[in-house]
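In what follows, a single structure is set out as structure tokens and then discussed.
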Amino acid sequence: MRICTVVGARPQFIKAAVVSAALREAGCAETLVHTGQHYDAGMSAVFFEELSIPAPAVNLGVGSGTHAQQTGATMTRLEAFVDEEGPFDWMLVYGDTNSTLAATLVAAKLPVPLAHVEAGLRSFNRAMPEEVNRIVTDRLATHCYCPSPAAIDNLAEEGITDGVFFTGDVMYDALLRYQPVARKRYPVDNIVPYGAGEYVLMTLHRAENVDHPDRLQHMMDNLEVVPWPIVWPQHPRAKARLDAFDVAVPERVHVIEPVSYLEMLSLLDGARLVLTDSGGVQKEAYWSRCPCITLRSETEWVETVKAGWNTVVGADREKLVQALEHVPETPPQPHYGDGDAAATIAALLRRGPTSSSST
Ligand code: UD1
Ligand code: UDP
């Protein structure tokens with residue numbers, strides 16, 4: 001069984017860390033392709049080193065650009081790589097980035113059977129580039145690996161029922177594996193000048209929040225209502241936009257460089273609250289029993305909202321004020337599987353593309 005895995009962005013390295021390990025245990029041969037979409041050491045190399053991810057067979061060196069530039073360059077270079085190094089039994093992709101979309105289109109046309117980890121998520125907002133990427137990927141995938149029953153329902157609504165599997169969320173596997181290590185290796189006050197419970201953790205990088213000067217200014221102004229220090233590991237996209245638009249960050253915000261996954265888990269563990277527009281961080285907050293406020297108009301992770309641990313406020317200051325006062329009433333419930341998603345995925349891949357749904 002030869003699997004070509006394509007990753008390119010930060011959250012995909014974290015997901016691939018646990019799946020790659022499971023593939024090795026299952027005796028599958030994996031060829032890892034890094035598209036080069038993320039390239040700063042703190043956005044890429046740090047994850048490979050810290051999580052012992054095997055070095056990629058190739059880095060396609062695609063880098064930053066418009067959606068078409070990124071997607072097109074990845075397609076051209078990936079197709080040539082697969083022509084040279086193939087045949088593969090599977091192309092394996094994660095999530096909803098431009099790297100995911102490009103690999104999907106290459107796989108569909110070569111063709112190579114395509115397996116999609118984190119399938120079936122929907123924001124129902126097609127203005128979001130990631131939503132377009134997910135819809136296309138799920139439509140063309142041979143296997144869709146869903147992290148939640150809601151994701152399976154979303155696919156069924158679109159008529160996608162063949163090759164759909166509930167696997168649970170590989171990010172839960174990663175958190176279970178690495179949180180104890182994180183706590184030991186990176187006490188919070190070694191990373192920031194605050195102790196546990198003394199700060200809010202923020203991530204903000206989504207195009208809708210940072211790509212327009214007025215919106216970015218508004219998001220920064222809204223932070224005035226947060227009564228605690230805010231720790232912000234700043235994504236390079238946000239940094240670039242703040243600089244370009246000359247928007248200042250409020251004083252209560254403690255900006256740091258992007259952190260490693262273990263540092264991030266430790267920061268999550270010690271935060272009294274999370275403010276985020278990231279997908280992954282909403283669930284990590286939930287699993288860490290840290291209330292979350294989502295700075296987007298909608299979320300794909302609806303279970304965390306229903307459970308009372310995540311409040312979606314977008315850019316609305318009044319909603320943010322109310323959410324800051326909200327206290328979850330019940331403990332987090334087990335959602336997103338049992339922490340064995342990676343092993344389940346490896347077993348499904350091993351069975352081959354003809355295996356049918358188990359839903
Ligand atoms: C991408 C994904 C997004 C995901 C995020 C994870 C798409 C459409 N978006 O967004 O879904 O949540 O990754 O972090 O694929 N930059 C650097 N150094 C880097 C990488 C990026 O400076 O190593 C800067 C560049 O200015 C670049 C900008 O960040 O133009 C945006 O990078 P890009 O990869 O296009 O999208 P992300 O915002 O990272
Ligand atoms: N993350 C990290 N360092 C940071 C910020 C985030 O390791 O400085 C981790 C975070 O814990 C989560 C993943 O990166 O596991 C989320 O990535 P991101 O927010 O970039 O993308 P999204 O989930 O929104 O696609």
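Read the numbers this way: they start at 1 and go in the same order the structure lists the ligands and their atoms. Numbers here simply count residues along the sequence, with the first being 1. Just so you know, these numbers come straight off a predicted model, no measurement behind them.
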To check your reading of the model: name the closest protein heavy atom to [atom], its residue, and the distance in Å.
atom                    : result
atom 6 (C) of ligand 1  : Pro11 CD, 3.5 Å
atom 24 (O) of ligand 2 : Arg206 NH2, 2.6 Å
atom 25 (O) of ligand 2 : Pro11 CG, 3.6 Å
atom 1 (N) of ligand 2  : Met264 CG, 3.7 Å
atom 22 (O) of ligand 1 : Pro236 CB, 3.3 Å
atom 26 (O) of ligand 1 : Ala240 CB, 4.2 Å
atom 1 (C) of ligand 1  : Gln37 NE2, 3.7 Å
atom 4 (C) of ligand 1  : His205 NE2, 3.9 Å
atom 17 (C) of ligand 1 : Tyr39 OH, 3.2 Å
atom 4 (C) of ligand 2  : Arg10 NH1, 3.2 Å

Any N or O on [X] sitting closer than 3.5 Å to an N or O of ligand 2?
X      : answer
Asp277 : no
Thr203 : no
Glu284 : yes

Start with the C-alpha gap between Thr97 and Gln12, add the side-chain angles, then the distance that decides, and say whether side-chain hydrogen bond (donor to acceptor under 3.5 Å, both in side chains) holds.
-> CA-CA 9 Å; Thr97 69; Gln12 297 170 334; 2.9 Å; yes
What part of [X], side chain, backbone, both or neither, has a heavy atom within less than 4.0 angstrom of ligand 2?
X      : value
His205 : side chain
Val259 : both
Met171 : side chain

Can a side-chain donor-acceptor contact be found between [Y] and [X] if the only test is distance below 3.5 angstrom?
X      : Y      : value
Gln37  : Thr74  : no
Glu303 : Tyr336 : yes
Asn310 : Thr294 : yes
Tyr39  : Ser64  : yes

Among [options], which residue places a heavy atom closest to [atom]?
atom                    : options                     : result
atom 20 (C) of ligand 1 : Arg241, His38, Gln12, Gln69 : His38
atom 19 (O) of ligand 2 : Ala174, Gly95, Ser278       : Ser278
atom 18 (N) of ligand 1 : Thr66, Asp40, Val62         : Asp40
atom 31 (C) of ligand 1 : Arg237, Met43, Arg10        : Arg237

May I ask you to list the atoms of ligand 2 that are less than 4.0 angstrom from any heavy atom of [X]?
X      : result
Pro233 : 8 (O)
Gly280 : 23 (O)
Ser260 : 7 (O)
Ile14  : 9 (C), 13 (C), 14 (O), 15 (O)
Phe47  : 7 (O)

Ionic contact status for [Y] with [X], cut-off 4.0 Å:
X      : Y      : answer
Arg134 : Glu131 : yes
Glu130 : Arg206 : yes
Arg139 : Glu158 : no
Glu157 : Arg122 : no

Is there a continuous path of hydrophobic side-chain contacts, each under 4.5 Å between heavy atoms, that joins [X] to [Y]?
X      : Y      : result
Val192 : Trp228 : no
Val274 : Leu204 : no
Leu201 : Leu223 : no

Counting heavy atoms under 4.0 Å, the part of Glu130 that contacts ligand 1 is side chain
Backbone or side chain, does any N or O of [X] fall under 3.5 Å from an N or O of ligand 1?
X      : result
Thr97  : no
Asn133 : no
His235 : yes

Looking only at atom types and distance, does a side-chain atom of Asp277 sit under 3.5 Å from a main-chain N or O of His205, one as donor and one as acceptor?
->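 Confirmed, Asp277 side chain pairs with His205 backbone.
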Short side-chain to backbone donor-acceptor contact, Trp301 and Gln282, under 3.5 Å |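 No, because the side chain of Trp301 does not come within donor-acceptor range (under 3.5 Å) of the backbone of Gln282.
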Working to the nearest 0.5 Å, report the span between CG of Leu320 and CD1 of Ile293.
-> 5.5 Å
Consider ligand 1: state whether an atom of it lies below 4.0 angstrom from any non-hydrogen atom of Lys239.
-> no
Can you list the ligand 1 atoms lying under 4.0 Å from a non-hydrogen atom of [X]?
X     : answer
Gln70 : 33 (P), 34 (O), 35 (O)
Ser64 : 25 (C), 27 (C), 30 (O)
His67 : 8 (C)

Heavy-atom pair of closest approach, residues Phe88 and Thr31 = CE2-OG1, 3.5 Å
Considering all heavy atoms, the nearest Lys319-Val313 contact = O-CG1, 3.6 Å
Might you work through the side chain to side chain contact (heavy atoms under 4.5 Å, CB included) test for Asn154 and Phe124, ending with a clear yes or no?
-> CA-CA 10 Å; Asn154 289 339; Phe124 303 102; 3.6 Å; yes
Could you walk me through whether Arg317 and Glu224 pass the side chain to side chain contact (heavy atoms under 4.5 Å, CB included) check?
-> CA-CA 10 Å; Arg317 183 186 283 231; Glu224 284 165 18; 3.8 Å; yes
